[in-house]
Amino acid sequence: MKNPEIAKIFYHLALFEEMKDEFFKARAYDKAARMIESYGREIKDVYEGGGLEALQEIEGIGKAISEKIEEILQTGHLRLYEERKKEFPIDLDGLTSLEGVGPKTIKTLYQKLNVSTIEDLEKVIAEGKLKKLSGFGEKKEQQIRKSIEFFKQGRGRFLLGDMLPSLRNIESRLKRHLVVQNAMLCGSARRMKETIGDADFLVASDRPDEVMSFFTTLPEVTHVYSKGTTKSNVRLSLGIDADLRIVGKENFGAAMQYFTGNKDHNVALRTMAIVRGWKLNEYGLYEGERQIAGKSEEEIYKILGLDYIPPEMRENNGEIDLAANKRLPKLIEYNSLKGDLQVQTNYTDGLNSIEEMVDAAKKIGLEYIAITDHTKSLGVARGLDEEGIADQGKDIDKINKKFEGFRILKGAEVNIFKDGTLDIADKTLKELDVVGASIHSAFDLPKEEQTRRVLEAIENPNVDVLFHPTGRLINQRAPYEIDIERVIQKCRDTETVLEINAYPNRLDLKDEYIRKAVQIGAKLCIDSDAHSTLHFQYLEYGIGQARRGWATAENVVNTLHVDRFLTSLKH
DNA sequence: GCCGTTTTCGGCCCGACTGTTTTCAGTCG
């Protein structure tokens with residue numbers, strides 16, 4: 001069983017415990033579920049490698065939960081979970097996804113009205129039974145009805161790249177508002193997480209009423225869930241929900257820290273504060289009544305004895321220990337890329353000409369790009385054959401003469417056949433500056449076969465880069481089955497570069513694999529996979545992902561100037 | 001159920017908003 005499925009069982013156990021008023025057990029299950037869900041390796045592999053003891057090494061997993069995991073892995077289910085489901089045969093995923101409906105409401109609905117699904121809930125509302133329950137009323141019924149409506153419109157996590165431009169636009173309008181002293185988009189967007197569930201805006205102002213009215217009446221706002229003096233929650237026309245929190249400017253840093261998260265990182269900091277006899281909340285760090293930090297994020301980390309931790313690292317994955325020991329890596333900076341190694345043009349499925357792509361690349365500060373159009377076995381993209389590649393090379397030679405201080409590199413995105421061979425002859429590949437290899441067919445090979453296929457391609461001395469190494473499309477297609485650790489290892493051994501594809505729905509490698517690559521010293525690059533001049537802006541998401549994977553500039557080959565970059569490639 | 005820089009027992013992050021409650025419970029982040 002895979003991590004998300006195991007995590008789900010514990011999330012559900014947490015809900016059941018909460019229904020039974022066992023809050024601390026619930027918290028323990030919830031924490032274990034979150035750890036499992038975000039764990040870098042398959043829990044199954046951890047267990048098979050080191051048994052119960054290895055499981056208990058994971059924070060939040062002790063004796064009882066490790067034994068439950070063992071039972072799940074050995075038998076495929078958990079007796080306790082089956083019993084709870086019998087006791088409360090309820091569609092938890094459905095009902096908990098309704099805003100304003102939590103475990104207590106679910107329990108009451110089930111026990112008093114026999115509601116176990118959203119459909120049941122709609123029915124008792126229609127029959128007028130809901131508002132007659134004690135603790136429920138007209139308003140509550142309205143709220144739930146509205147939640148059901150929104151649920152049906154579809155919710156979920158949104159691609160960072162789909163949301164960030166619009167959210168930043170709102171952020172900058174908040175910033176410019178006359179009574180706003182400071183404004184910031186926090187939450188998972190600030191951590192540059194590949195997908196975000198909602199948007200968290202933070203504002204410093206001493207006239208919160210005016211800001212709150214401004215925010216809740218933005219043209220993008222389609223519904224106001226709640227509006228208070230310091231906090232409100234709305235739905236935006238983008239489909240995503242947004243929170244606004246308003247604090248005084250003396251609290252802004254503490255609030256930034258708090259609303260950037262993640263939750264586990266915050267809990268760890270709060271615990272550090274408690275150990276020192278202090279209290280940390282969104283208003284500041286307090287010794288008794290006295291605020292000892294809060295104006296800036298930096299001072300909070302400093303007083304807690306930590307180096308400043310960049311938002312992208314705040315996942316409680318060991319960053320706090322590193323910060324305490326002054327050993328945080330110096331993450332790659334957002335403006336540090338000199339080149340882009342995957343660019344398509346109108347020779348195949350790109351929209352723009354080579355010249356247009358060069359102009360756009362220059363505008364965002366790049367010094368070189370590799371033109372890597374698709375190759376012949378990708379029929380849908382009208383991929384180039386050996387002759388087409390040679391012709392394009394001649395064109396590139398001509399165009400290169402037109403641009404001062406910019407270099408167009410010759411490249412290709414070649415396809416890896418099922419047997420690990422490539423669709424372009426080695427003789428042609430040898431002439432190119434940058435050869436990227438990728439999988440565009442037979443996504444569903446068994447793991448061992450898929451892994452061998454990719455390892456074979458990496459061993460080809462002409463292959464410089466492995467493009468989008470796991471093939472996933474976020475929210476659309478699962479990664480293909482592959483032993484990514486072996487692939488990373490082989491890339492290091494052969495000096496093949498692993499791509500971090502910055503396209504918003506790829507972000508492939510993902511953060512935890514980047515960390516693996518960084519740990520063992522494999523080389524990385526960050527590419528836009530641009531199919532149009534507009535796509536170079538995606539590089540920012542790739543850098544964000546690299547930072548989430550703790551990569552430094554030294555780990556990323558396209559931070560090098562062009563000549564040094566070319567000599568860094570394998571020969 | 002987890003965990004240990006006061007601890008192997010006795011704590012467990014903390015505050016805002018809403019609704020139905022006249023002092024608080026539930027939910028959310």
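Lettering of chains follows the sequences in order, A, B, ..., and the numbering in each one begins at 1.
Judged by distance alone, the side chains of Tyr39(A) and Asn3(A) never bring a donor and an acceptor atom under 3.5 Å apart. In this model, no donor atom of one side chain and acceptor atom of the other lie less than 3.5 Å apart for Glu540(A) and Tyr334(A). A donor and an acceptor atom, one from each side chain of Thr552(A) and Asn555(A), are located under 3.5 Å apart.
For residues 13-24 of chain A, every residue pair satisfying the salt bridge (charged side-chain N to carboxylate O under 4.0 Å, His left out) rule, not counting sequence neighbours, is listed here: Glu17(A)-Arg84(A), Lys20(A)-Glu87(A), Asp21(A)-Lys104(A).
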Atom pairs under 3.5 Å, N or O on each side, protein against nucleotides 1-9 of chain B: can you list them with distances?
| residue | atom | partner | partner atom | Å |
| --- | --- | --- | --- | --- |
| dG1(B) | OP1 | Lys68(A) | NZ | 3.2 |
| dC2(B) | OP1 | Gly62(A) | N | 2.7 |
| dC2(B) | OP1 | Gly62(A) | O | 3.4 |
| dC2(B) | OP1 | Ile65(A) | N | 3.0 |
| dC2(B) | OP2 | Ala64(A) | N | 3.3 |
| dC3(B) | OP1 | Gly60(A) | N | 2.7 |

Distances under 3.5 Å between nitrogen or oxygen atoms of protein and nucleotides 15-18 of chain B:
| residue | atom | partner | partner atom | Å |
| --- | --- | --- | --- | --- |
| dG15(B) | OP1 | Lys279(A) | NZ | 3.1 |
| dG15(B) | OP1 | Asn281(A) | ND2 | 3.4 |
| dA16(B) | OP1 | Tyr283(A) | OH | 2.8 |
| dA16(B) | O3' | Thr230(A) | OG1 | 3.1 |
| dC17(B) | OP1 | Thr229(A) | N | 3.2 |
| dC17(B) | OP1 | Thr230(A) | N | 2.8 |
| dC17(B) | OP1 | Thr230(A) | OG1 | 3.0 |
| dC17(B) | OP1 | Lys231(A) | N | 2.8 |
| dT18(B) | OP1 | Lys227(A) | N | 2.6 |
| dT18(B) | OP1 | Lys227(A) | O | 3.0 |

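Across the protein-nucleic acid pair, Lys140(A) atom NZ and dT27(B) atom C1' stand 7 Å apart, rounded to whole Å. If you measure from atom CG of Asp264(A) to atom C1' of dG29(B), you get 13 Å, rounded to the nearest angstrom. Remark: P of dG26(B) and CG of Leu15(A) are 15 Å apart, rounded to the nearest angstrom. Regarding Ile144(A), its CD1 atom lies at a distance of 15 Å from the C1' atom of dC28(B), rounded to whole Å. If you take CG of Leu202(A) and P of dG29(B), they are 16 Å apart, rounded to a whole angstrom. The distance between atom CD of Gln257(A) and atom C1' of dC14(B), rounded to the nearest whole Å, is 13 Å. Taking atom CG on Leu95(A) and atom C1' on dT27(B), their separation rounds to 15 Å, with Å as the unit. Separating the NZ atom of Lys104(A) from the P atom of dC28(B) is a distance of 13 Å, rounded to the nearest angstrom.
For the P atoms, the distance from dG15(B) to dT21(B) is 27 Å, rounded to whole Å. Only the P atoms considered, dC28(B) is 16 Å distant from dT20(B), to the nearest whole Å. Between dT22(B) and dA16(B), the distance separating the two P atoms is 23 Å to the nearest Å. dC14(B) and dC9(B): their C1' atoms are spaced 24 Å apart (whole Å). dT7(B) sits 14 Å from dG11(B) when the P atoms are compared, rounded to a whole Å. Here the separation of dC2(B) from dC13(B), taken at their P atoms, is 15 Å to the nearest Å.
The residue Leu98(A) sits close only to the backbone: its heavy atoms come under 4.0 Å of sugar-phosphate atoms, none of a base. Within 4.0 Å of Asp243(A), counting heavy atoms only, lie sugar-phosphate atoms of the nucleic acid but no base atom. Within 4.0 Å of Asn233(A), counting heavy atoms only, lies no atom of the nucleic acid at all. In this structure, Phe136(A) reaches the sugar-phosphate backbone alone: every heavy-atom distance under 4.0 Å involves primed, P, OP1 or OP2 atoms, never a base.
The shortest distance between the side-chain N/O atoms of Thr271(A) and the OP1/OP2 oxygens of dC13(B) is not below 4.0 Å.
Glu512(A) and Lys516(A) are not joined by a salt bridge, as no carboxylate oxygen comes within less than 4.0 angstrom of a charged side-chain nitrogen.
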Output, in order, the C-alpha distance, side-chain angles, deciding distance and verdict of salt bridge (charged side-chain N to carboxylate O under 4.0 Å, His left out) for Arg548(A) and Glu194(A).
CA-CA 10 Å; Arg548(A) 290 180 57 81; Glu194(A) 60 197 32; over 6 Å; no

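Of the possible polar contacts, one joining the Glu319(A) side chain to the Asn317(A) backbone as a donor-acceptor pair under 3.5 Å is found.
For the salt bridge (charged side-chain N to carboxylate O under 4.0 Å, His left out) test, residues two or more places apart in sequence or in another chain that qualify with Asp529(A) are Arg506(A). Evaluation of the side-chain hydrogen bond (donor to acceptor under 3.5 Å, both in side chains) rule for Glu59(A) yields Lys31(A) as partners, not counting sequence neighbours.
Each of Asp21(A) and Phe259(A) has a nearest nucleotide on DNA chain B; the 5'-most of these lies closest to Asp21(A).
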For residues 212-221 of chain A, which side-chain N or O atoms pair as donor and acceptor with protein atoms under 3.5 Å away, sequence neighbours left out?
| residue | atom | partner | partner atom | Å |
| --- | --- | --- | --- | --- |
| Ser213(A) | OG | Asp209(A) | O | 3.1 |
| Thr216(A) | OG1 | Met212(A) | O | 2.9 |
| Thr216(A) | OG1 | Ser213(A) | O | 3.4 |
| Thr217(A) | OG1 | Ser213(A) | O | 2.7 |
| Thr217(A) | OG1 | Phe214(A) | O | 3.3 |
| Glu220(A) | OE1 | Arg173(A) | NH2 | 2.9 |
| Glu220(A) | OE2 | Arg173(A) | NH1 | 2.7 |
| Glu220(A) | OE2 | Arg173(A) | NH2 | 3.3 |

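The shortest side-chain heavy-atom distance between Val518(A) and Leu524(A) falls under the 4.5 Å cut-off.
Look at dT8(B): it lacks any Watson-Crick or wobble partner with both distances under 3.5 angstrom.
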